[in-house]
2 protein chains.
Amino acid sequence: MLNLQTICLGLLCFGPKSGYELHKTINTDLKHFQTASFGALYPALGKLEAKKLITSDGKNNSIQASSLPKKVYTITANGRTVFKVQIQKTRAEEKLTSDFLAAFYFAEHLPAEKIAALIDGQLAKLQDEYRELISAPLSRMPEGKRFGIRYTIAINRAATAFLKGEGSTIQATLRRSSKKWSTT
Amino acid sequence: MLNLQTICLGLLCFGPKSGYELHKTINTDLKHFQTASFGALYPALGKLEAKKLITSDGKNNSIQASSLPKKVYTITANGRTVFKVQIQKTRAEEKLTSDFLAAFYFAEHLPAEKIAALIDGQLAKLQDEYRELISAPLSRMPEGKRFGIRYTIAINRAATAFLKGEGSTIQATLRRSSKKWSTT
DNA sequence: AATAACATGTAAACGGTTACATGATTCG
DNA sequence: CGAATCATGTAACCGTTTACATGTTATT
């Protein structure tokens with residue numbers, strides 16, 4: 001699996017960026033397939049720097065050490081090589097961890113209201129994601145990125161359609177069977 | 001997020017099981033939204049036992065300590081209560097980590113053959129998943145589990161359709177732009 | 001007798017989250 | 001002047017993977 005270090009190298013191939021900017025990019029543009037917290041990001045950048053795959057123009061050297069805390073990272077020639085090797089090795093892998101599906105697997109233990117709330121919650125998440133996806137400037141993007149967004153939109157639409165179509169059916173069915181264990 | 005301990009409690013609600021059986025169930029029946037290795041599972045079961053949420057009939061007590069190594073776990077009354085509380089708290093959350101989508105985000109660094117291989121790989125994975133999903137005995141399942149499987153099938157179909165439909169388009173487009181950096 | 005599948009467990013390392021701690025800059 | 005946002009980093013903890021270590025049972 002592609003780790004955060006490799007993702008950072010890849011993003012830095014597009015141009016120099018600070019840790020803060022990388023964080024923002026990952027958690028907005030890459031949100032649908034990757035996230036990263038600061039606590040994960042800064043150590044990852046530190047390791048990349050130690051390996052000389054990136055360099056930073058930290059203001060830690062000369063006189064005005066205090067002024068700007070911003071530290072911009074640039075990928076090295078070696079970093080680009082390492083990234084290319086990593087990305088070439090990448091296989092089509094994905095891993096989904098879903099509390100939504102897990103909850104349904106154990107739906108017998110849930111009251112009908114909770115089932116309804118889960119479906120509503122999932123629909124809301126899908127809608128939020130959808131809004132973000134369609135607002136991406138597709139026309140000014142390389143073909144690969146565009147493809148990823150369209151793929152994600154296709155899945156999002158199918159999920160939404162399913163929940164809108166079958167959501168009410170399941171709610172009715174489960175409401176019937178939920179009479180057994182009255183809300184304790 | 002639901003952790004492995006909670007998943008185990010939920011599965012043990014259906015009846016007593018050994019660690020090995022739990023491993024099997026998780027990595028087949030729950031595969032599309034959760035996985036677990038032995039190295040994660042056994043410590044999780046140990047913690048649950050320490051908390052008295054499950055008990056084991058380990059053969060570690062009397063005379064024939066050697067014979068059957070199999071250790072069957074049973075959920076306690078307290079365990080059921082804790083599980084119900086956990087599952088009620090569950091929100092519709094999901095987290096996808098996708099090397100497939102990440103690779104496309106960085107597609108500029110990939111040769112056309114690799115792009116084709118990624119799409120083929122993803123289609124193969126989807127097909128494998130699909131085969132497993134449709135072979136599930138839907139008729140003998142509680143409504144909730146069935147719903148989860150049908151939801152996953154709906155998404156799987158949309159993904160497959162997209163890749164079959166647009167896969168060749170992207171390959172052609174990227175092949176054009178890939179002339180720049182001839183395979184080093 | 002060999003092999004596959006069943007079965008349990010530990011230890012090191014990894015990758016990540018959450019919470020904490022601090023401070024600068026910009027905008028209203 | 002206060003709030004939001006920009007900005008960097010650490011430490012404790014969590015859950016998991018990978019590799020290791022061991023042994024049994026069933027099948028061929």
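All values reported here derive from a predicted model rather than from experimental measurement. Lettering follows sequence order; numbering is per chain, from 1. Computed from heavy atoms alone, side chains included, the values below leave out hydrogens, waters and symmetry copies.
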Side chain of [X] (C-beta onward), nearest among [options]:
X      : options                   : answer
L4(B)  : dA7(C), dT17(C), dT16(D)  : dT16(D)
K95(B) : dT10(D), dT17(C), dT10(C) : dT17(C)
E21(A) : dT8(D), dA7(D), dA7(C)    : dA7(D)
Y73(B) : dG15(C), dT17(D), dG9(C)  : dG9(C)

Quick one: [X] [atom1] to [N] [atom2], roughly how many Å, whole number?
X      : N       : atom1 : atom2 : answer
H23(B) : dC6(C)  : NE2   : C1'   : 12 Å
N3(A)  : dT17(C) : CG    : P     : 13 Å
Q5(A)  : dG15(C) : CD    : C1'   : 10 Å
M1(A)  : dT16(D) : CE    : P     : 15 Å
I54(B) : dT8(C)  : CD1   : C1'   : 14 Å
N27(A) : dT5(D)  : CG    : P     : 16 Å
F38(A) : dC6(D)  : CZ    : C1'   : 9 Å
Y42(A) : dT18(C) : OH    : P     : 17 Å

Closer than 4.0 angstrom, basic N to acidic O: yes or no for D128(B) and K125(B)?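 Salt bridge flag = no for K125(B) with D128(B).
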
Could you tell me whether K24(A) and E21(A) make a salt bridge, using a distance below 4.0 angstrom between a side-chain N and a carboxylate O? no

Is the shortest side-chain N/O distance from [X] to OP1 or OP2 of [N] below 4.0 Å?
X      : N       : answer
Y20(B) : dC6(C)  : yes
K71(B) : dG23(D) : no
S37(B) : dT17(D) : yes
K24(B) : dC6(C)  : yes

Would you please classify the geometry between the F38(A) ring and the Y20(A) ring as parallel, tilted or perpendicular, with 30° and 60° separating the classes? parallel

What about the rings of F33(B) and F100(A), do their centers lie closer together than 6.0 Å? no

Using a 3.5 Å distance criterion without hydrogens, assess whether the side chain of N27(A) forms a donor-acceptor pair with backbone atoms of H23(A).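 Flag set: sc N27(A) to bb H23(A) pair under 3.5 Å.
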
Contacts of A36(A) and A40(B) projected onto DNA chain C by closest heavy atom; the upstream (5') one is A40(B)

Would you indicate what G39(A) reaches in the nucleic acid, counting non-hydrogen atoms under 4.0 angstrom: base, sugar-phosphate, or nothing?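 Counting heavy atoms under 4.0 Å across all strands, the contact made by G39(A) includes a base.
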
